[in-house]
Novice: 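Quick one: the structure is below, questions incoming.
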Amino acid sequence: MKIVHAKNYDEMSQKAAAEFISLIAEKPDALLGLATGSSPVGMYQCMIEAYKAGKISFKNIRSFNLDEYYPITPDNDQSYRYFMDTNLFNAVDIDKNNTRVPDGQTKDPDGFGAKYDEAIAAEGGIDLQILGVGPNGHIGFNEPDSELLLGTHLTALKETTIAANARFFASEADVPRHALTMGLGSIFAAKKIVVLLTGNGKKGVYEKLLEGKVSTECPATLLHLHPDCTVFVDDSIL
Ligand code: GLP
């Protein structure tokens with residue numbers, strides 16, 4: 001794992017966007033692994049600017065998102081589908097048929113999870129996966145636990161996550177209690193991973209990463225085991 005310091009959120013966003021921009025320039029039909037939350041918003045903005053400047057096109061880009069609340073409809077402004085449309089997809093020339101977000105309305109979450117992982121593999125695997133990290137060290141919605149699942153699955157959110165995400169909802173009671181998330185195996189299958197570590201309450205996660213140990217009780221530490229993982233850390237943590 002490579003840990004790279006950035007002097008602020010903007011610099012972190014630019015550095016992470018540069019990884020995506022050079023991939024898209026080299027491989028115009030790359031398969032991107034995308035994430036939501038406050039962490040990647042600035043990075044998506046830099047990618048939109050690169051598109052508007054004519055440096056890259058998303059015409060043949062394909063994407064799979066990491067997670068989605070459950071149950072939720074795609075037109076709900078708290079859904080991760082809505083987030084992706086408004087923070088990236090609507091501003092670039094991507095074909096939305098090539099963008100996949102876990103189906104927050106599926107009646108068969110187990111079957112859906114298996115198909116989602118199969119579809120990623122069938123399309124050649126994720127070239128570059130962006131990840132944020134929760135204050136409790138979760139990646140996607142893989143919450144701290146004694147055991148973690150490999151495939152895409154339905155999970156119950158921890159109270160710490162419900163509290164951390166309540167800022168996006170009218171009240172904590174409105175935060176969904178479940179989510180669909182790629183599992184550790186789905187995430188680790190990505191050829192390259194970029195992590196954004198920014199935001200309040202995550203210093204503890206950074207310290208854990210520096211300890212150089214791995215624990216399922218802090219899922220982000222498992223990224224030490226990935227062969228090509230870079231963590232960008234901004235001044236909110238340092
Ligand atoms: C959310 C999402 C994660 C996200 C993380 C950090 O709950 N499930 O995919 O990366 O928590 O969120 P933020 O970037 O808003 O701090």
Side-chain angles (χ1 to χ4, degrees), residues 6 8-10 12-13 16-17 20 32-46 63-72 76-84 86-88 100-104 113 116 126 128-145 148-149 152-169 172 174-184 186-188 190 193-206 208-209 218-223 229-238:
N8 53 36
Y9 181 84
D10 287 348
M12 177 197 72
S13 301
F20 277 87
L32 309 182
L34 300 178
T36 57
S38 320
S39 307
V41 170
M43 185 193 83
Y44 291 145
Q45 208 50 48
C46 296
S63 71
F64 281 84
N65 258 74
L66 194 58
D67 50 13
E68 177 61 286
Y69 287 120
Y70 184 86
I72 203 159
N76 183 317
D77 64 4
Q78 293 303 333
S79 78
Y80 287 171
R81 161 53 71 183
Y82 187 92
F83 175 101
M84 289 312 304
T86 51
N87 283 285
L88 179 64
R100 273 61 54 100
V101 177
D103 178 6
Y116 201 68
I126 289 171
L128 178 55
Q129 174 72 54
I130 186 74
L131 293 178
V133 181
N136 65 6
H138 75 209
I139 48 178
F141 275 122
N142 293 279
E143 298 280 36
D145 212 332
L148 297 177
L149 295 178
T152 298
H153 61 280
L154 183 67
T155 187
L157 304 187
K158 294 258 178 188
E159 282 306 320
T160 44
T161 296
I162 292 165
N165 289 5
R167 68 189 193 278
F168 299 113
F169 292 81
E172 200 168 310
D174 294 328
V175 183
R177 268 38 188 174
H178 291 85
L180 289 160
T181 183
M182 281 190 196
L184 267 294
S186 333
I187 294 170
F188 267 68
I193 298 179
V194 166
V195 184
L196 300 174
L197 194 52
T198 173
N200 291 337
K202 301 185 187 174
K203 221 184 182 77
V205 177
Y206 176 62
K208 284 234 164 58
L209 288 180
C218 182
T221 60
L222 297 172
L223 295 167
C229 176
T230 302
V231 183
F232 291 107
V233 187
D234 79 357
D235 61 335
S236 65
I237 307 286
L238 300 169

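FYI, side chains are in, hydrogens and waters are out, and symmetry mates aren't considered; it's all heavy atoms of this structure. For the single chain, residues carry numbers from 1 onward in sequence order. As the structure lists them, so they are numbered: ligands from 1, and atoms in each ligand from 1.
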Novice: Ignoring hydrogens and angles, tell me if any N or O in the side chain of Asn8 forms a donor-acceptor pair with the backbone of Asp10 under 3.5 Å.
Specialist: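 Confirmed, Asn8 side chain pairs with Asp10 backbone.
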Novice: Taking only distance into account, with no hydrogens and no angle test, what donor-acceptor pairs under 3.5 Å do side-chain atoms of residues 33-44 form with protein atoms, sequence neighbours excluded?
Specialist:
unit_1	atom_1	unit_2	atom_2	d
Ser38	OG	Arg167	NH2	2.8
Tyr44	OH	Ala35	N	3.1
Tyr44	OH	Ala35	O	2.6

Novice: Looking at Asn200, I want to see if its CG is surrounded by more than 12 non-hydrogen atoms of other residues, nucleotides or ligands under 6.0 Å.
Specialist: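 12 or below, so no.
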Novice: Quick check on the 6.0 Å ring-centre criterion: do Tyr69 and Phe169 meet it?
Specialist: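 Ring centroids of Tyr69 and Phe169 are less than 6.0 Å from each other.
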Novice: Would you tabulate the polar-atom pairs, meaning N/O of ligand 1 against N/O of the protein, with distances under 3.5 Å, reported to 0.1 Å?
Specialist:
unit_1	atom_1	unit_2	atom_2	d
ligand 1	7 (O)	His138	NE2	3.3
ligand 1	7 (O)	Asn165	ND2	2.9
ligand 1	8 (N)	Asp67	OD2	2.9
ligand 1	8 (N)	Gly140	O	3.2
ligand 1	9 (O)	Asp67	OD2	3.0
ligand 1	11 (O)	His138	NE2	3.0
ligand 1	14 (O)	Ser38	N	3.2
ligand 1	14 (O)	Ser39	N	2.9
ligand 1	14 (O)	Ser39	OG	2.5
ligand 1	15 (O)	Ser38	N	2.8
ligand 1	15 (O)	Ser38	OG	3.1
ligand 1	15 (O)	Arg167	NH2	2.8
ligand 1	16 (O)	Lys202	NZ	2.6

Novice: For Thr181 and Asn142, run side chain to side chain contact (heavy atoms under 4.5 Å, CB included): C-alpha distance rounded to whole Å, both residues' side-chain angles, the deciding distance at 0.1 Å, then the answer.
Specialist: CA-CA 7 Å; Thr181 183; Asn142 293 279; 3.6 Å; yes
Novice: For Tyr82, does the OH atom have more than 12 heavy-atom neighbours from other residues, nucleotides or ligands under 6.0 Å away?
Specialist: no
